[in-house]
Amino acid sequence: MTPPPEREAPVSPRPEAADVPAPPEAAEVPAPAGRPAAEHGAESAHGARRGRHLLWYALVVLLVGINMRPAIVAVSPLLDEIRQATGLSNGAAGALSTLPLICFGIFAPLAPRLARRWGMERTLVAVLLVLLCGIAVRLVPSLFPLFAGSFLVGTAVAVANVVITVVIKRDFPRHVGLMSGLHTTMLVGGGAVAAAVTVPLRDALSLSWAGGLAIWGVLALAAVLVWVPRLRRGREVPQTRAQADGSMWRSGLAWAVALFYAFQSLLYYTATTWLPSFYISHGYSEGGAGMLLAVCMGSAIVTSLLVPVWAQRSRRQSYLALVGTLLCVAAFVGLISAPTGAAVLWAVLLGLGLGAVLSLGITYMSMCARTTHDAGLLSAMSQCVGYLLAAVGPTTFGAARDLTGSWTAGLIALVILAVPMGLTGALAGRGSQIAH
């Protein structure tokens, strides 16, 4: 009987397709009978080189991940100062925070096309350069450069969000959960660091609010310097039939993934945008409010790392979506009932919940897709739908604060919106994959 092709037997991959380094003792294993020792040794050495290559590739992928939130999150702890310096209303300040989300939604569908044309490595370097330009433009302390720079930042991150998902599916197919968790940890961790140290660094360096936003260009520059050498060995995404692209929008499972990602994005960006202002209005300093946001995002690191691993080990992931939803609801109820009585507890619960649903949403984009190409399409669709819906959140929340003079109405709305998030997350986590 003719044995099945190797691609149908992932449990016995060829040495050059392994996702993990060959163990050190691999070179000492005797060559199998009938095979020259030299050939066996060459394969072992090749496997070790392949392992080191993938380890390095994982590190540079994570370096991109850590750059995808600080330039956006850094606005939150400085938002009150920006408002005072520029005269922005709460609604306009919410629009400033919403602008990157609109860019995420508009430009995410372009990412698979760009990656197929330029290759993923070249695309990532290009978006990192655009990110650097956006950060540099915001050095000019006035409204137009502030919004223009935020537009460039949002555009760069929109494309990177999608391409990184495809890279994980392409290079780490047997470790999607682990790599998705590490990637989400970098997202959340980068945001947590930005929330915690933007104000202290700005004060220590005697910078304006514009200078405080520009601090995070250092991370982007480091990522560019590390990624540029990868261009010499750029790997292209295989061309796929164009008619398959539209079928993603006709899939019920794809819509469940997209809507789950949409509702979690709405909650995530609304909460992280306004949480510092919420605490400042209750008597905290800018630095103290920024630290509470950092506690929230630091707590999210825990579930961001663990949930994708649990998801890959489980046949169904619905329970993870429901647990994350309940944690978010508990935090919002706590902020309504006792905003300062247990501020740290609410920040921790909110972070655990947001980290769980964010990382699960990203993991679904790979786990619910059969191929690398499908992962790119599902990621683009999810982020298009997700961020366009999420863009409504910060602006509407700020406008509600302006109209009512209270945070309660907005927080109640977030509790209500958590319900469809939990439902769509449970539907997406039934263990199915999208079929064309």
Side-chain angles (χ1 to χ4, degrees), residues 62 65-77 97 100-101 104 157 161 164-165 177-198 216 260-276 278-279 289-311 317 320-335 342-365 386-387 390 393-394 411 414 417-418 421-422 425:
L62 296 179
I66 204 172
N67 269 282
M68 290 166 62
R69 291 299 179 266
I72 297 171
V73 173
V75 173
S76 293
S97 299
L101 303 184
F104 291 177
V157 176
N161 279 334
I164 286 294
T165 302
L178 176 61
M179 287 303 299
S180 295
L182 290 172
H183 170 60
T184 310
T185 299
M186 292 297 102
L187 293 183
V188 176
V193 170
V197 307
T198 294
W216 302 105
F260 174 66
Y261 195 78
F263 286 114
Q264 72 81 21
S265 297
L266 190 152
L267 265 62
Y268 181 92
Y269 284 99
T270 302
T272 56
T273 295
W274 288 108
L275 195 63
F278 173 86
Y279 282 119
M291 285 303 298
L292 282 169
L293 178 59
V295 168
C296 173
M297 302 188 78
S299 301
I301 292 174
V302 177
T303 43
S304 295
L305 185 59
L306 295 177
V307 165
V309 177
W310 291 337
Q317 298 78 36
L320 294 170
L322 295 175
V323 169
T325 299
L326 290 175
L327 287 169
C328 291
V329 169
F332 292 139
V333 171
L335 290 172
V344 174
L345 175 60
W346 310 139
V348 169
L349 289 178
L350 183 59
L352 292 174
L354 293 176
V357 294
L358 170 62
S359 60
L360 188 59
I362 292 174
T363 304
Y364 278 159
M365 296 175 197
Y387 288 122
L411 290 169
L414 294 181
L417 290 168
M421 178 181 74

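Partners of Tyr364 by side-chain hydrogen bond (donor to acceptor under 3.5 Å, both in side chains), not counting sequence neighbours: none found. Residues passing the side-chain hydrogen bond (donor to acceptor under 3.5 Å, both in side chains) test with Thr198 are Trp216, sequence neighbours excluded. Residues that satisfy the ring pair (Phe, Tyr, Trp, His ring centres under 6.0 Å) test with Tyr268, not counting sequence neighbours, are absent from this structure. Qualifying ring pair (Phe, Tyr, Trp, His ring centres under 6.0 Å) partners for Tyr279, counting only residues two or more places apart in sequence or in other chains: Tyr284. Looking at residues two or more places apart in sequence or on another chain, you find no side-chain hydrogen bond (donor to acceptor under 3.5 Å, both in side chains) involving Asn67. Leu326 pairs by the side-chain contact (heavy atoms from CB on, under 4.5 Å) definition with nothing, not counting sequence neighbours. Legend: residues meeting side-chain contact (heavy atoms from CB on, under 4.5 Å) with Val348, ordered by chain and number and at least two apart, are Val295, Ser299, Val344, Leu352.
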Compile the donor-acceptor pairs under 3.5 Å between side chains in residues 354-361 and protein atoms, sequence neighbours left out, one pair per line.
residue : atom : partner : partner atom : Å
Ser359  : OG   : Gly355  : O            : 2.8
Ser359  : OG   : Ala356  : O            : 3.2

Under 3.5 Å, sequence neighbours excluded: what are the donor-acceptor pairs made by side chains of residues 178-196?
residue : atom : partner : partner atom : Å
Ser180  : OG   : Val176  : O            : 2.7
Thr184  : OG1  : Ser180  : O            : 2.7
Thr185  : OG1  : Gly181  : O            : 2.7

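Between Phe260 and Gly425, the closest heavy-atom pair is CD1-CA, 3.2 Å. Heavy atoms only, all atoms of each residue included: Phe263 and Leu417 are closest at CD2-O, 4.0 Å. Taking both residues in full, the closest heavy atoms of Pro100 and Ile72 are given as CB-CD1, 4.1 Å, listed atom of the first, atom of the second, then distance. For the pair Pro308 and Gly177, the tightest heavy-atom approach, listed with the atom from each and the gap, is CB-O, 3.1 Å.
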ask   = For Ile301 and Met297, what are the C-alpha separation, side-chain angles and deciding distance, and is it a side-chain contact (heavy atoms from CB on, under 4.5 Å)?
value = CA-CA 7 Å; Ile301 292 174; Met297 302 188 78; over 6 Å; no
ask   = Do Thr363 and Val307 pass the side-chain contact (heavy atoms from CB on, under 4.5 Å) test, and can you show the C-alpha distance, the side-chain angles, and the key distance before you say yes or no?
value = CA-CA 9 Å; Thr363 304; Val307 165; over 6 Å; no
request  = Applying side-chain contact (heavy atoms from CB on, under 4.5 Å), run through Phe278 and Leu292 and close with a yes or a no.
outcome  = CA-CA 11 Å; Phe278 173 86; Leu292 282 169; over 6 Å; no
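The closest side-chain heavy-atom distance from Thr325 to Gln264 is not below 4.5 Å. Counting only heavy atoms from C-beta outward, the side chains of Leu101 and Ser265 never approach each other to under 4.5 Å. Counting heavy atoms from C-beta outward, Gln317 and Trp310 have side chains that stay 4.5 Å or more apart. Counting heavy atoms from C-beta on, the side chains of Leu275 and Leu335 come closer than 4.5 Å.
Proximity of a side-chain donor or acceptor of Trp346 to a complementary backbone N or O of Ala331 within less than 3.5 Å is not detected.
For the side chain to side chain contact (heavy atoms under 4.5 Å, CB included) with Met421, the qualifying choice from Leu266, Leu267, Val329 is Leu267, the only one to do so.
Going from atom CG of Leu411 over to atom CZ of Phe332 covers 7.0 Å, rounded to the nearest 0.5 Å. The distance from the CG atom of Leu320 to the OG1 atom of Thr303 is 10.5 Å, given to the nearest 0.5 Å.
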